[in-house]
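Here is the naming used below: chain letters follow the sequence lines, and residue numbers restart at 1 for every chain. Here the structure is a predicted model, which is why all the values come from computation and not from measurement.
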Protein chains: 2
Amino acid sequence: MPPPSNSARPNGKGLIELPDPLPEPAEGELKLEAVFAALADPLRLTIVRKLMLEAEAYDHTCGWFGFDRPKSTLTHHFRALRDAGLIQQRQYGLERRSRLRTEDLNRRFPGLLDLIRAWKPSSNG
Amino acid sequence: MPPPSNSARPNGKGLIELPDPLPEPAEGELKLEAVFAALADPLRLTIVRKLMLEAEAYDHTCGWFGFDRPKSTLTHHFRALRDAGLIQQRQYGLERRSRLRTEDLNRRFPGLLDLIRAWKPSSNG
DNA sequence: CTTCTTGTACGAGTTTTGTCAAACTGGTAC
DNA sequence: GTACCAGTTTGACAAAACTCGTACAAGAAG
């Protein structure tokens, strides 16, 4: 089964059904401290960066990232990112797919994503 | 005694003595994760923002910020900021004065200070 | 039905971080 | 000298965060 398209949106003629996003802070509720705290972890920074640079047109599962970590650890980090408002998650059957909240972040914290784009994962460290 | 001018710099004719900065990471050693971690604390975010927006031409002591916290707590936070490379500290006799590493930060993480400038201390959450 | 898969929930162990009091350091001023 | 003063250091404590194993839930596929 092909992954659900992320660009599917209501268009007035017909709706393409999309699962509701899991609970997340609204754009106006995003807190800079919380965003910084979420990005203080290298794994989470990698998740966000990978979503920004390598994501296809559809959302991605935990497995897509290829981390060699226990599932419970990944759940923890993805949840931290969603709680901080950096990613959005939708449940597609068994899979929980994530996407970056690019527009919200660019409106609320312009320049933030550029900082993450320029980050080099384990150089300069 | 007037506070030491921060714009005092060697000029080839005569030197104005300035204490050495306390140990700090070089510009090339700044780590984005560490910077984010340092800025995840509201008090530290306030320190940086105040240095950016209200600092005079000279460096500022802990007391200048007017925080109602024990001194050991402030020492802790200022050290965290210096370790992360956000501020520079110099010892003037008894006083330890801090300044923002504006140029280094702008070169290394362009846009970061703009994010902090736009932050509202205890609104939005 | 059973099995496989994707991921969550709970809980434990460990580490890190924030907070503060108490004692201390080293200048300055009298 | 003594007294003060800005700030550090140490050590303790609590709260939070990270990691992970185990058990569990629920959809997909045979």
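Using a distance-only test at 3.5 Å, with no hydrogens or angles considered, a donor-acceptor pair links the side chain of A:R82 to the main chain of A:P23. Without hydrogens or angle criteria, B:E54 side chain to B:L51 main chain gives no donor-acceptor distance under 3.5 Å. Formation of a donor-acceptor pair under 3.5 Å by the B:R108 side chain with backbone atoms of B:G28 is found in this model.
In the set D:dC18, D:dT8, D:dC20, the nucleotide with an atom closest to the side chain of B:T75 is D:dT8. The A:T73 side chain lies nearest to D:dT19 when the options are D:dG21, D:dG7, D:dT19.
Remark: P of D:dT19 and CG of A:L43 are 7 Å apart, rounded to the nearest angstrom. Across the protein-nucleic acid pair, A:K71 atom NZ and D:dC20 atom P stand 14 Å apart, rounded to whole Å. Between the C1' atom of D:dC18 and the CZ atom of A:R44 lies a distance of 9 Å, rounded to the nearest Å. One can place CZ of B:R90 at 19 Å from C1' of D:dA6, the figure rounded to the nearest angstrom. When rounded to the nearest whole Å, the span between OH of B:Y92 and C1' of D:dT8 equals 19 Å. If you take CG of A:L81 and P of D:dC18, they are 10 Å apart, rounded to a whole angstrom. When rounded to the nearest whole Å, the span between CD of B:E33 and C1' of D:dC18 equals 16 Å. Look at CZ on B:R96: it is 9 Å from P on D:dG7, rounded to the nearest Å.
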Chi angles and distances behind the salt bridge (charged side-chain N to carboxylate O under 4.0 Å, His left out) call for B:E33, B:K31: CA-CA 5 Å; B:E33 315 92 288; B:K31 295 185 209 165; over 6 Å; no
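Mapping A:D68 and A:G93 onto DNA chain D by nearest heavy atom places A:D68 at the nucleotide closer to the 5' end. Sequence order on DNA chain C of the closest nucleotides to B:H76 and A:F78 puts A:F78 first from the 5' end. If B:R79 and A:L94 are placed on DNA chain D by their nearest nucleotide, the residue sitting closer to the 5' end is B:R79.
Between A:L18 and A:Y92 there is a side-chain heavy-atom pair separated by less than 4.5 Å.
Between A:F65 and A:F78, a ring centre-to-centre spacing shorter than 6.0 Å is recorded.
In this model, the phosphate group of D:dT19 is approached by a side-chain N or O of A:R69 to a distance below 4.0 Å at OP1 or OP2. The phosphate of D:dT19 has OP1 or OP2 within less than 4.0 Å of a side-chain N or O from A:H77.
A 4.0 Å heavy-atom criterion places the boundary nucleotides of DNA chain C facing chain A at C:dT5 to C:dA9, written 5' to 3'.
Around the CZ atom of A:R107, the shell of radius 6.0 Å holds more than 12 heavy atoms that belong to other residues, nucleotides or ligands.
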